[in-house]
Amino acid sequence: MTPRTVTVRVPAKVNAQLAVGPARQDGFHDLANVFLAVALYDTVTVTPADELRITCTGPDADQVPLDRTNLAARAAELLAARHGIEPDVHIHIDKDIPVAGGMAGGSADGAGALLACDALWGTGAEQSQLLDICAELGSDVPFSLLGGAALGTGRGEKLTPLEVGGTFHWVFAVADGGLSTPAVYREFDRLTPDAPEPVASPPLLDALRTGDAKALAAALTNDLQPAALSLRPSLADTLETGRQAGALATLVSGSGPTTAFLCADPESADKVAAALIASGTCRTARVTSSPAQGATILPA
């Protein structure tokens, strides 16, 4: 008997390394993208309906598209098309991942909706089939399904799971407004006309494997950070605030404008978050940890 409602929890991500190569003929860039799932989650609930529709609640829900450009809607359509059924489902997204913040919130919703619809419709897709649909939806969507830690190559969709030897503590400072990912990549191309081919950092992979926060802090890199700072110079003040408050490392998260701060322990993370909020350089700050599970069906 198929369920009448399915709820999936799906995590945000941070890029511990984002190495970006030159633009390809198809407009994408080859990446060496070390993903870490972090314990900030959206939940996606699906129920049968007369037609496909989307609703959304939570912080910045008014910024989430409720039409078929939403990756959750596209996920339902692609899965339904593969199985010859109509995507007649109500998808409700409860947002907690910052919107347009470089933390793959939209990708998370796509992965969550895909897993939820698979369970609701009883389509019985294998993980490899779901990952194929995820890759069709977008470069970050496969990792949202997988979670944990992984190296993404190609445009980020080809994943190799990575071992993580401990818990890492983070603060994420949420900026006012978003940054367009295509705009950040265009600025990267302008600033870096001779980008080398991207390669994963051995010291960073070792730091993840051993759970060494100080070693990870020394190895964190984001090739998109100069472009994000060029488009949003005020992010430099946010990064400096976190550094002075004791963060081990500071980083623009993905294409931004959310900024990430790696901390030694939960107490340091709380201190950094308080300093960021008090500084007025961000809208809010969130304390969390990694790695986190990928898309997970919650008990009814």
Side-chain angles (χ1 to χ4, degrees), residues 1-14 35-49 51-58 61 64-66 68-97 99 103-150 152 156-162 288 290-300:
M1 180 177 176
T2 56
R4 294 297 297 169
T5 183
V6 178
T7 298
V8 169
R9 186 183 73 173
V10 62
K13 60 83 179 166
V14 65
F35 292 104
L36 269 177
V38 300
L40 297 175
Y41 302 97
D42 284 358
T43 56
V44 180
T45 300
V46 298
T47 52
E51 61 181 3
L52 176 60
R53 68 186 184 96
I54 297 182
T55 54
C56 184
T57 54
V64 175
L66 301 181
R68 297 199 176 195
T69 64
N70 189 300
L71 288 179
R74 291 179 56 202
E77 289 177 326
L78 286 175
L79 183 66
R82 289 199 178 195
H83 293 274
I85 60 178
E86 292 298 319
D88 294 336
V89 65
H90 171 208
I91 302 171
H92 179 72
I93 300 167
D94 187 11
K95 291 294 297 181
D96 195 39
I97 301 172
V99 176
M103 298 187 73
S107 296
D109 298 340
L114 182 64
L115 184 61
C117 287
D118 175 61
L120 182 73
W121 297 333
T123 47
E126 296 179 358
Q127 187 184 65
S128 60
Q129 296 170 314
L130 295 177
L131 287 170
D132 284 345
I133 297 175
C134 286
E136 193 172 340
L137 288 168
S139 301
D140 288 345
V141 185
F143 179 72
S144 297
L145 185 73
L146 190 66
E157 84 285 10
K158 300 173 183 176
L159 298 178
T160 302
L162 298 174
T288 187
S290 65
Q293 272 191 313
T296 303
I297 297 175
L298 298 180

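The shown structure was predicted, so the numbers you read here are calculated from the model rather than taken from an experiment.
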Heavy-atom side-chain proximity of [X] to [Y] below 4.5 angstrom:
{"X": "I93", "Y": "N70", "answer": "yes"}
{"X": "M103", "Y": "V38", "answer": "yes"}
{"X": "D109", "Y": "L71", "answer": "no"}
{"X": "L52", "Y": "I91", "answer": "yes"}
{"X": "S107", "Y": "L137", "answer": "no"}
{"X": "V89", "Y": "W121", "answer": "yes"}

Least distance between heavy atoms, [X] atom then [Y] atom:
{"X": "Q129", "Y": "G124", "value": "OE1-O, 4.5 Å"}
{"X": "S139", "Y": "P142", "value": "O-CD, 3.6 Å"}
{"X": "L36", "Y": "A149", "value": "CD2-CB, 3.7 Å"}
{"X": "L159", "Y": "A150", "value": "CD2-CB, 4.2 Å"}
{"X": "S144", "Y": "A111", "value": "CB-CB, 3.7 Å"}
{"X": "A295", "Y": "P11", "value": "N-CD, 4.0 Å"}

For the [atom1] atom of [X] and the [atom2] atom of [Y], what is their distance to the nearest 0.5 Å?
{"X": "S290", "Y": "F35", "atom1": "OG", "atom2": "CZ", "result": "14.0 Å"}
{"X": "T7", "Y": "L120", "atom1": "OG1", "atom2": "CG", "result": "10.5 Å"}
{"X": "I133", "Y": "R74", "atom1": "CD1", "atom2": "CZ", "result": "12.0 Å"}
{"X": "L79", "Y": "L115", "atom1": "CG", "atom2": "CG", "result": "10.0 Å"}
{"X": "E77", "Y": "L114", "atom1": "CD", "atom2": "CG", "result": "12.5 Å"}
{"X": "R9", "Y": "Y41", "atom1": "CZ", "atom2": "OH", "result": "4.0 Å"}

So, does [X] use its side chain to make a donor-acceptor pair with the main chain of [Y] at under 3.5 Å?
{"X": "D118", "Y": "A125", "value": "yes"}
{"X": "D42", "Y": "D96", "value": "yes"}
{"X": "T47", "Y": "T5", "value": "no"}

Counting only heavy atoms not in Q293 (residues, nucleotides, ligands), do more than 12 fall under 6.0 Å from its CD? no

Full working for side chain to side chain contact (heavy atoms under 4.5 Å, CB included) between V141 and E157: CA-CA 8 Å; V141 185; E157 84 285 10; over 6 Å; no

Side chain to side chain donor-acceptor pair (under 3.5 Å) partners of R53, counting only residues at least two apart: none

For D88, the side chain to side chain donor-acceptor pair (under 3.5 Å) test, sequence neighbours excluded, returns none

With no hydrogens and no angle check, just 3.5 Å: does a side-chain donor-acceptor pair link H92 and T45? no

